[in-house]
Trainee: 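Pasting in a structure now, in structure tokens, and then I'll have a few things to ask.
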Amino acid sequence: MTSAQTAQPTVPAGRVADTGRVRRGVRTIALLLAPWLAILALWYAIRASGLINPALVPAPHAVFAKFIELAQGRLGMDVLMSTQRVFLGVALGVALAVPVGFCLGWYKGLRSFIDPVINFFRALPPIALIPLVIVYFGIGEAAKTVILFYASFFAGVIVMYEGIAQISPIFIKVARTLGASDFEIFRKVIVPLTIPHILTAVRVALGVAWATLVASELIAAQQGLGALIQDASAFFQLDTIYVGIICIGFIALLMDLALRAATRRMVAWQDRIA
């Protein structure tokens, strides 16, 4: 065999690495899109199957057209108002849930005393409290904030005190053995170990708050995604209802993704499975 026949073409290492990155990127995008495409296919299939009256299931393209129409009108303000309400309710709820949850998790006696009360109120659906909230807080923004605060607080406090209660005492014992003061233990041991639980409490509270949003906006809301859904239901505008529901889901998803990214950055020191 000649040298020309035995020579093999060589591919630069940089080009191989670039190709690998492209393939991984395409695979990641495909994995992200696959469930959404499956949902769209199932949506069209249900509508075409005849099992449900097609008039009761607007087509995805009709919902998208309604989204474009609403985006040119009231939708932007509705999204802004709902996001502000959720943010304020969650901020106030978590701000109180963190110290309360910390105390309940750290002091076992206090936890045994208060735990039944916490679980009693946590089980009450916020929508059941709307008549009392209207009586005590009126029908303005304060009433909507109270409902979202209530939902966020009890969701966050459970996550906090369960997380704090599971912190291993070995960390504190080791710090004391090394001569750390109580303040140093709190600042350098307890606070870092608490951060993951705080971020988890915020994530859970955000999810619960978005789930409670429509209930809070039952209180004479003129703007907001909950109000949009309520107005559309009065006129049987199913495509608008779908737009409102999908917007709530996607905004909550984007907030959760942002919190996940913040969690990975802030607790990079923590061993995680994935």
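Excluded from the calculations below are hydrogen atoms, water molecules and symmetry mates; all remaining heavy atoms, backbone and side chain alike, are included. Source: prediction; values computed, not measured.
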Trainee: Starting at CG of Leu92, measure out to CG of Leu88 and round the result to the nearest 0.5 Å.
Mentor: 4.5 Å
Trainee: When rounded to the nearest 0.5 angstrom, what is the spacing between CG in Leu96 and CZ in Phe149?
Mentor: 5.0 Å
Trainee: Using side-chain heavy atoms (C-beta onward) and a distance below 4.5 Å, is Ile127 in contact with Val214?
Mentor: no
Trainee: Could you tell me the separation between the CD atom of Gln222 and the CZ atom of Arg74, rounded to the nearest 0.5 Å?
Mentor: 9.0 Å
Trainee: Evaluate whether atom CG of Leu80 has more than 12 neighbouring non-hydrogen atoms of other residues, nucleotides or ligands under 6.0 angstrom away.
Mentor: yes
Trainee: Say whether Met160 and Phe120 are linked into one hydrophobic cluster, either directly or through other cluster members, by side-chain heavy-atom distances under 4.5 angstrom.
Mentor: yes
Trainee: Dump the intermediate steps for side-chain contact (heavy atoms from CB on, under 4.5 Å) on Phe236 and Ile241, then the final yes or no.
Mentor: CA-CA 9 Å; Phe236 204 66; Ile241 293 174; over 6 Å; no
Trainee: Looking at every non-hydrogen atom in both residues, tell me the closest pair between Thr212 and Ile147 and how far apart they are.
Mentor: CG2-CG2, 3.7 Å
Trainee: For Pro99 and Ala95, which heavy atoms make the closest approach, and how far apart are they?
Mentor: CD-O, 3.0 Å
Trainee: Say you draw a straight line from CD of Gln72 to CZ of Phe67; how long is it, rounded to the nearest 0.5 Å?
Mentor: 10.0 Å
Trainee: Is it possible for you to say whether Leu257 and Leu259 belong to one hydrophobic cluster, with membership spreading through side-chain heavy-atom contacts below 4.5 Å?
Mentor: yes
Trainee: Between Glu141 and Arg85, is the closest basic N to carboxylate O distance under 4.0 Å?
Mentor: yes
Trainee: Can you check side-chain contact (heavy atoms from CB on, under 4.5 Å) on Ile114 and Val100, steps first, answer last?
Mentor: CA-CA 10 Å; Ile114 297 295; Val100 171; over 6 Å; no
Trainee: Between Phe121 and Phe153, does a side-chain contact (heavy atoms from CB on, under 4.5 Å) hold up when you go through it step by step?
Mentor: CA-CA 10 Å; Phe121 283 103; Phe153 170 76; over 6 Å; no
Trainee: Heavy-atom distance under 4.5 Å between the side chains of Ile229 and Glu217, does that happen here?
Mentor: no
Trainee: With no hydrogens and no angle check, is any side-chain donor or acceptor of Asp78 less than 3.5 Å from a backbone partner on Leu225?
Mentor: no
Trainee: Which heavy atom of Tyr161 sits nearest a heavy atom of Gly101, and at what distance?
Mentor: CB-O, 3.1 Å
Trainee: Kindly give the heavy-atom pair with the smallest separation between Ser152 and Gly93, and that separation in Å.
Mentor: CB-CA, 4.2 Å
Trainee: Decide yes or no on side-chain contact (heavy atoms from CB on, under 4.5 Å) for Thr83 and Met255, but give the supporting numbers first.
Mentor: CA-CA 10 Å; Thr83 304; Met255 286 187 170; 3.5 Å; yes
Trainee: Determine, for Arg122 against Asp115, whether the closest basic-nitrogen to carboxylate-oxygen distance falls under 4.0 angstrom.
Mentor: no
Trainee: Using atom types as modelled and distance alone, determine if a side-chain donor or acceptor of Lys144 lies under 3.5 Å from a backbone N or O of Ile139.
Mentor: yes
Trainee: Phe250 vs Trp210, test: ring-ring contact (aromatic ring centres under 6.0 Å, His included). Steps then yes/no.
Mentor: CA-CA 11 Å; Phe250 270 109; Trp210 279 108; over 10 Å; no
Trainee: If hydrophobic clusters are built from ILVMFWY residues whose side chains come within less than 4.5 Å, do Val208 and Leu124 share one?
Mentor: no
Trainee: Taking all atoms of both residues into account, what is the closest heavy-atom pair of Ala155 and Ala205, and its distance?
Mentor: CB-CA, 4.3 Å
Trainee: Shortest non-hydrogen contact from Val243 to Lys66?
Mentor: CG2-CG, 3.9 Å
Trainee: Could you see if Met77 belongs to whatever hydrophobic cluster contains Leu213? Use Ile, Leu, Val, Met, Phe, Trp, Tyr and a side-chain cutoff under 4.5 Å.
Mentor: no
Trainee: Would a 4.5 Å heavy-atom cut-off, applied to side chains only, mark Pro196 and Thr263 as touching?
Mentor: no
Trainee: Please round to the nearest 0.5 Å and tell me the distance separating atom CH2 of Trp43 and atom CD1 of Ile39.
Mentor: 10.0 Å
Trainee: Atom CZ of residue position Phe87 - does it have more than 12 heavy atoms of other residues, nucleotides or ligands inside 6.0 Å?
Mentor: no
Trainee: Identify whether Leu75 and Phe235 are in the same connected component of the hydrophobic contact network (ILVMFWY, side-chain heavy atoms under 4.5 Å).
Mentor: no
Trainee: Let me confirm one number: the CG-CG distance from Leu206 to Leu253, rounded to the nearest 0.5 Å.
Mentor: 12.0 Å
